[in-house]
There are 2 protein chains.
Amino acid sequence: MRPISKEEYDLKCSTRQLFELLSEKWVPGLIYVLSLGPQRPGKITGRLQGISKKMLTQTLRNLENWGVVKRTVYDVVPPHVEYSLTPLGEKMIEPIALVHGWAQENREDIAKVFGQRLTSKKPERLTDQE
Amino acid sequence: MRPISKEEYDLKCSTRQLFELLSEKWVPGLIYVLSLGPQRPGKITGRLQGISKKMLTQTLRNLENWGVVKRTVYDVVPPHVEYSLTPLGEKMIEPIALVHGWAQENREDIAKVFGQRLTSKKPERLTDQE
DNA sequence: TTCCATGGTTACCTTGAGGTGCCTACTTGA
DNA sequence: TCAAGTAGGCACCTCAAGGTAACCATGGAA
């Protein structure tokens, strides 16, 4: 009935690991943007509202080391660099797309929760049990 | 062809918001555990390897404020408290289950990436472009 | 000869998420 | 009278994620 198996949510649980990977602030966004096709850094910055140059480079460097992203340099001037997904990266689109699809269908609910989250960072029970 | 729409990944993008919600360390795990049925804190701690008492309470309190989790107190002694998902919480199972399912099918890939991640926290280009 | 665009690197700093430990309150049982 | 189990609050601390800003190298345009 419930859709999730009873597997322990332990440190070696792949679900937990995946969430840990995807919880790095710019990772899902970057994979998402690159899923639209190979991109130059400038373009990526334009599409990822709010990312700084440092975080862009850093996250790309990480994804590169993980084998998720490929960096291609064209030896011209001014420098021309392009980032694209590796086959492994292409695979990672799927879970992101799944979440994306769900998020689109449940905008209102997310907005509701997200609003609550913003207004009460410090946890506080709103209505006290009597 | 590509499964993700061209919607900007901006601050109001529900996908981004959802990832932000789910990236809180214990949130997916807690929703997952509660998806197995209402649970008492002791039981939850047992199932969520590594969570501290403080983080359990804090995360539960947050989820409660967001309307995702319901807290029920039975006035007996010793105290008996139970946490369960609200209808909204039940809805949130779905994206988590989707990621969960994908993670199960792609354990090896995740392990590969996750391993890389652990060995190189500080980003460093492994092979230099010549 | 100064400026711009490109793609980075580096040092520095702040913030807050998350961890540890100790305290309370209640009642039952040894 | 003291321990133990239950639920949780509170103070404190640390580490690292992530932000800002300045700097470098290059060559063509103005």
Side-chain angles (χ1 to χ4, degrees), chain A residues 11 16 19-30 34 38-65 69-84 117-118 120-126 128-130, chain B residues 11 16 19-30 38-46 48-66 69-84 117-125 128-129:
Chain A
L11 293 169
R16 184 158 169 179
F19 270 118
E20 205 168 319
L21 292 173
L22 294 181
S23 77
E24 230 154 281
K25 184 167 183 183
W26 299 104
V27 165
L30 256 176
L34 290 181
Q39 314 261 331
R40 307 181 55 179
K43 195 75 172 289
I44 299 176
T45 306
R47 295 212 206 232
L48 267 184
Q49 189 183 84
I51 194 171
S52 68
K53 247 162 46 156
K54 181 193 139 189
M55 288 314 295
L56 178 66
T57 314
Q58 183 173 309
T59 310
L60 281 170
R61 220 50 86 230
N62 280 332
L63 291 174
E64 204 186 340
N65 289 340
V69 155
K70 181 160 161 285
R71 179 172 181 269
T72 313
V73 184
Y74 299 92
D75 198 8
V76 294
V77 77
H80 184 123
V81 179
E82 216 173 61
Y83 291 93
S84 54
R117 202 185 80 100
L118 295 181
S120 69
K121 292 293 277 191
K122 286 292 154 217
E124 189 174 337
R125 201 168 297 129
L126 297 180
D128 254 15
Q129 258 66 23
E130 61 291 308
Chain B
L11 293 168
R16 184 160 170 178
F19 269 118
E20 204 169 319
L21 293 173
L22 294 181
S23 77
E24 229 155 282
K25 184 166 181 183
W26 299 104
V27 165
L30 256 177
Q39 314 261 331
R40 308 182 52 180
K43 195 74 172 289
I44 299 176
T45 306
L48 267 184
Q49 189 184 85
I51 194 171
S52 68
K53 253 173 21 167
K54 182 194 139 190
M55 287 315 294
L56 178 65
T57 314
Q58 183 173 308
T59 310
L60 281 170
R61 219 51 83 232
N62 280 332
L63 291 174
E64 204 186 341
N65 289 341
W66 306 350
V69 154
K70 180 158 160 287
R71 179 172 181 269
T72 313
V73 183
Y74 298 93
D75 199 8
V76 295
V77 76
H80 184 123
V81 180
E82 215 172 62
Y83 292 93
S84 54
R117 203 186 79 100
L118 294 181
T119 55
S120 68
K121 292 293 275 190
K122 286 294 153 218
E124 189 175 336
R125 200 167 300 130
D128 253 13
Q129 259 65 21

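Just so it is clear: chains get the letters A, B, ... in the order the sequence lines come, proteins before strands, and each one is counted from 1. What you see is a predicted model; the values in this text were computed from it and never measured.
Side chains of L21(B) and V27(B) form no contact here, defined as non-hydrogen atoms less than 4.5 Å apart.
The phosphate of dG8(D) (OP1 or OP2) has a side-chain N or O of Y83(B) nearer than 4.0 angstrom. Applying the 4.0 Å criterion to OP1 and OP2 of dG7(C), one finds that R61(A) has every side-chain N and O outside that range. Residue R71(B) places at least one side-chain N or O closer than 4.0 Å to OP1 or OP2 of dG8(D). Close to dT6(C), at under 4.0 Å from its OP1 or OP2, lies no side-chain N or O of R40(A).
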For V81(A) and R71(A), what are the C-alpha separation, side-chain angles and deciding distance, and is it a side-chain contact (heavy atoms from CB on, under 4.5 Å)?
-> CA-CA 7 Å; V81(A) 179; R71(A) 179 172 181 269; 3.9 Å; yes

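The interatomic distance linking K43(A) (NZ) with dA5(C) (P) rounds to 18 Å, in whole Å. We find that CE of M55(A) is positioned 6 Å from P of dG19(D), with the value rounded to whole Å. Look at CD on Q58(A): it is 19 Å from P on dG7(C), rounded to the nearest Å. When rounded to the nearest whole Å, the span between CD1 of I51(B) and P of dG8(D) equals 13 Å. As rounded to whole Å, 12 Å separates atom P of dG7(C) from atom OH of Y74(A). Atom NE2 in H80(B) sits about 12 Å away from atom C1' in dA7(D), given to the nearest Å. Whole-Å rounding puts the E64(A) CD to dG7(C) P distance at 15 Å. Atom pair D75(B):CG and dC26(C):P shows a separation of 12 Å (rounding to whole Å applied).
Comparing dG19(C), dG8(D), dG18(C) by their closest approach to the side chain of T57(B) singles out dG8(D). Considering only the side chain of K54(B), dG19(C) comes nearest among dG19(C), dG19(D), dG8(D).
Between V81(B) and S23(A), the one whose closest nucleotide on DNA chain D sits nearer the 5' end is V81(B). Where G50(A) and E82(B) each meet DNA chain D at their nearest nucleotide, the meeting point lying more 5' is that of E82(B).
W26(A) and G50(A) get closest at one heavy-atom pair: CH2-C, 3.7 Å. Counting all heavy atoms, side chain and backbone alike, R40(B) lies closest to P79(B) at NH2-O, 3.6 Å. The two residues P41(A) and L56(A) make their nearest non-hydrogen contact at O-CD2, 3.8 Å.
Within the nucleic acid shown, P41(A) comes within 4.0 Å of sugar-phosphate atoms alone, with no base atom in reach, counting heavy atoms only.
You'll find a donor-acceptor pair under 3.5 Å spanning the side chain of K53(A) and the base of dG8(C), going by distance alone.
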